[in-house]
Amino acid sequence: MIFLTDTLSQPFSHPIFELFQVSEVPVVHLVIEVALVVVLVYLFTTKRYRPKKSSTALTKKEEETLLSEFSPEPLVPEVDTSENIEGIPVEGKFGPVVKVNGQENVVNMSTYNFLGLLNDPRVEKEAERSVRQYGVGSCGPRGFYGTIDCHEDLEEKVAAFMGAEECILYSYGFATVASAIPAYSKRGDILYCDEAVCFPIQKGISASRSTVVYFKHNDMDDLEDKLKAQQKIDEQNEKKALATRRMIIVEGIYVNTGEIAPMDKLVELKYKYRTRVLVDESLSFGVLGDGGKGVTEHFGVDINDVDVVCVTMGAAMGSVGGFCCGRSYVIDHQRLSGQGYCFSASLPPLLANSAIVSLSVIASAEGKDLIAALRANTEHIRMRLSTGDAHQLFTVTGNTLSPMFHIAVNGIDTKLPVEEQERLLRRIATKSCENGLFISACSYIRKDEAMERQPTLRMNVCAKHTSEQLDRAAKALIDATKTVLA
């Protein structure tokens, strides 16, 4: 009886309970923890998906019938192989003229070789020397033993030429601006983008996961209206506004229109509404400004008033890759945050040294002469395509200073499906090639484009084109258009 009384007076005298009493863990906590462990074991050991068992088993014949009737959807849509949408292959070097399908002296107005430096003998000689000294590649990103002395040399020379504090070099032109944008803008930030921005910018915007506000093409009033609207929203939640970064994104010369961004007005809006500005100068570098420094020089804007300047070296410089320049603290951020910089093998030394030679030409008196010749050639061909028979056939768009411009063919009904319009343009481009002109019909990944793009022909002028070549090119395009639309 005494034993029973002692037991009842000490209900938790079992050794296990004594252990928890010693450790001062409440029993209620123990029960909850045990229940959580049981739940976790159940979740980790139980299948997440259990297919419903059919109450009716199929016979072998029924299974074979179902399998024979099954027709899977194609992974990709059918491609029309009757036309070569990849373009006509060139035999030999790209220059003012090219060899196509065995035909010599076809006027090349398809590539962005604005200053004719792509096949300059000095550039070729330097590329050959670099191959003998460095080989053909680095096989490593810049941060992982992929940096070569010529990379740093090119960065220093570009920064000095542009008047910027620092420059960062990328090995792929597309990745330059596509990596720079998500390096500075994340989810919750706001990007104000011209609706005509190119595809690499669109991919950078997508990778940033930021809120995107598109403004009408080159319409500063529309941009300011959108900035004002956001300003009113910010006034309602100042704490959130302080944590939100804003950036205006434009192109020096828009690849989709050939128009020039008004940098002077953009800088005014930047300081008025406290935003950042990123400009892609891929087509304006080596083209605009007295010294070829781009749209900032063209409008007399201090480059330090622009937060990030991105350039693809595949245009006026006649190389491959790209670079960004700006203030040191801005550019250094990309060395750990620019994905194309961190995870891609560095630029082959032969291309870096070739770009150094091209840059030295642009920075010299010869470069100024090339820019002047480019503008004269651009004016000449635009005049030939805007007078006489051409005036009825074509509508030439874009700024008159842009060596890249679009040509809308007036005889193509814009009410036709876009695919049919593009097919007719490809036929005109193919016929033009037969007539002695190498020109491109614009093509877009339309399902991924932010805005609808008008089907056009794209023409690029080179400083080393002769007047005779430009006249021959205009005639070839006019004759080809008449033939296709007849």
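Throughout, numbering of the chain's residues begins at 1 and tracks the sequence.
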For this session: List the steps and the verdict of side-chain hydrogen bond (donor to acceptor under 3.5 Å, both in side chains) for D149 and Y134.
Result: CA-CA 10 Å; D149 55 1; Y134 297 100; 2.9 Å; yes

Exercise. Does some side-chain heavy atom of L457 sit less than 4.5 Å from a side-chain heavy atom of L477?
Worked result: yes

For this session: Quick one: pull up CG in D194 and CG in L266 and give me the separation to the nearest 0.5 Å.
Result: 9.0 Å

For this session: Please round to the nearest 0.5 Å and tell me the distance separating atom CG of N435 and atom CD1 of I478.
Result: 11.0 Å

Exercise. Under 4.5 Å between any side-chain heavy atoms of T176 and Y341, yes or no?
Worked result: no

For this session: Please tell me if the side chains of L115 and L374 come closer than 4.5 Å, counting only heavy atoms from C-beta onward.
Result: yes

Exercise. Between R423 and E420, does at least one N-O distance fall below 4.0 Å, as a salt bridge requires?
Worked result: yes

Exercise. Do Q421 and L424 have side chains that get closer than 4.5 Å, going by heavy atoms?
Worked result: no

Exercise. How close do V287 and P403 get, heavy atom to heavy atom, and via which atoms?
Worked result: CG1-CD, 3.4 Å

Problem set entry | Ion pair check, R384 and E379, cut-off under 4.0 Å | no

For this session: For the pair Y112 and F114, name the ring-plane relationship: parallel under 30°, tilted 30 to 60°, perpendicular over 60°.
Result: tilted

For this session: Identify whether the distance between the nearest side-chain nitrogen and carboxylate oxygen of E126 and R129 falls below 4.0 Å.
Result: yes

For this session: Measure the CD1-SG distance between I168 and C324 for me, rounded to the nearest 0.5 Å.
Result: 7.0 Å

Problem set entry | E268 bridged to K265 by N-O distance under 4.0 Å | no

Problem set entry | Side-chain heavy atoms of I248 within contact of Y273, under 4.5 Å | no

Exercise. Is the closest basic N to carboxylate O distance between E195 and R453 below 4.0 Å?
Worked result: no

For this session: Could I get the full list of side chain to side chain donor-acceptor pair (under 3.5 Å) partners for T275, not counting sequence neighbours?
Result: none

Seminar exercise, completed: Taken to the nearest 0.5 Å, the spacing of L278 CG from L191 CG works out to 9.5 Å

Donor-acceptor list for residues 101-109 side chains, cut-off 3.5 Å, not counting sequence neighbours:
from: N108; atom 1: OD1; to: S110; atom 2: N; distance (Å): 3.1
from: N108; atom 1: ND2; to: G95; atom 2: O; distance (Å): 3.0
from: N108; atom 1: ND2; to: T111; atom 2: OG1; distance (Å): 3.0

Exercise. Can a salt bridge be assigned to the pair D222 and K226 using a cut-off of 4.0 Å between side-chain N and carboxylate O?
Worked result: yes

For this session: Could you tell me which residues satisfy side chain to side chain donor-acceptor pair (under 3.5 Å) with N256, sequence neighbours excluded, listed by chain and number?
Result: none

Exercise. Are any side-chain N or O atoms of Q469 and backbone N or O atoms of T466, one a donor and one an acceptor, separated by less than 3.5 Å?
Worked result: yes

Exercise. Under 3.5 Å, is there a donor-acceptor pair between the H465 and N377 side chains?
Worked result: no

Exercise. Looking only at heavy atoms, what is the nearest atom pair of E297 and G291, with distance?
Worked result: OE1-N, 3.1 Å

Exercise. Quick one: salt bridge (Lys or Arg N to Asp or Glu O under 4.0 Å) partners of K272, sequence neighbours excluded?
Worked result: E224

Exercise. Does a side chain donor of either H406 or T257 reach within less than 3.5 Å of an acceptor in the other side chain?
Worked result: no

Exercise. Do Y271 and D305 have side-chain atoms, one donor and one acceptor, less than 3.5 Å apart?
Worked result: yes

Exercise. Just by distance, with hydrogens left out, do S284 and E281 show a side-chain donor and acceptor under 3.5 Å apart?
Worked result: yes

For this session: May I ask you to check whether over 12 heavy atoms, not counting those of K216, lie within 6.0 Å of atom NZ?
Result: no

Exercise. Quick check, are the ring centers of F323 and F285 under 6.0 angstrom apart?
Worked result: yes

Exercise. Taking all atoms of both residues into account, what is the closest heavy-atom pair of A352 and C150, and its distance?
Worked result: CB-SG, 4.0 Å

Seminar exercise, completed: When rounded to the nearest 0.5 Å, the distance separating CD of E366 from CG of D369 is 7.5 Å

Exercise. Just checking, is any N or O donor in the side chain of Y329 or E165 under 3.5 Å from an acceptor N or O on the other one?
Worked result: no

Problem set entry | For V295, the option from L288, V306, I253 that meets side chain to side chain contact (heavy atoms under 4.5 Å, CB included) | L288

Problem set entry | N/O donor-acceptor pair under 3.5 Å between N113 side chain and L118 backbone | yes

For this session: Decide, yes or no, whether a salt bridge links R246 with D234 under the criterion of side-chain N to carboxylate O below 4.0 Å.
Result: yes

For this session: Kindly indicate, with the supporting measurements, whether the criterion side-chain contact (heavy atoms from CB on, under 4.5 Å) is fulfilled by E152 and K157.
Result: CA-CA 9 Å; E152 296 179 339; K157 291 182 183 301; over 6 Å; no

For this session: Please step through side-chain contact (heavy atoms from CB on, under 4.5 Å) for the pair T147 and S346, ending with a clear verdict.
Result: CA-CA 7 Å; T147 296; S346 61; over 6 Å; no

For this session: Ignoring hydrogens and angles, tell me if any N or O in the side chain of H151 forms a donor-acceptor pair with the backbone of I148 under 3.5 Å.
Result: yes

Exercise. Taking Q454 for the side chain and A408 for the main chain, is one N or O donor matched with an acceptor at less than 3.5 Å?
Worked result: no

Problem set entry | Interatomic spacing from CG in L347 to OG in S319 - rounded to 0.5 Å | 6.0 Å

Problem set entry | Salt bridge E468-R472, side-chain N to carboxylate O under 4.0 Å | yes

For this session: Count the heavy atoms of every other residue, nucleotide or ligand shown that sit under 6.0 Å from CD of E452, and state whether that count exceeds 12.
Result: yes

Problem set entry | cation_pi(K293, F161) dist<6.0 Å, angle<=45 | yes

Exercise. Shortest non-hydrogen contact from G146 to S138?
Worked result: O-CB, 3.9 Å

Problem set entry | For V177, the option from I249, V279, I201 that meets side chain to side chain contact (heavy atoms under 4.5 Å, CB included) | I201

Problem set entry | Beyond-backbone contact of K203 with F174, side-chain heavy atoms, under 4.5 angstrom | yes

Problem set entry | R335, CZ: over 12 other non-hydrogen atoms inside 6.0 angstrom | yes

Exercise. Does a side-chain N-to-carboxylate-O contact under 4.0 Å join K186 and D189?
Worked result: no

Exercise. Among all residues two or more places apart in sequence or in another chain, which pass the side chain to side chain donor-acceptor pair (under 3.5 Å) test with Y192?
Worked result: none

Exercise. S185 side chain to I181 main-chain N or O, any donor-acceptor pair under 3.5 Å?
Worked result: no

Exercise. Do S360 side-chain atoms and V357 backbone N/O form a donor-acceptor pair below 3.5 Å?
Worked result: yes

For this session: Evaluate side-chain contact (heavy atoms from CB on, under 4.5 Å) for D280 paired with V250, printing each intermediate quantity in order.
Result: CA-CA 6 Å; D280 185 351; V250 296; over 6 Å; no

Exercise. Between K464 and D120, is the closest basic N to carboxylate O distance under 4.0 Å?
Worked result: yes

Exercise. Can you find a heavy atom in the side chain of L169 that is under 4.5 Å from one in the side chain of M313?
Worked result: yes

Problem set entry | All salt bridge (Lys or Arg N to Asp or Glu O under 4.0 Å) counterparts of R276, not counting sequence neighbours | none

Problem set entry | Heavy-atom side-chain proximity of I381 to L385 below 4.5 angstrom | yes

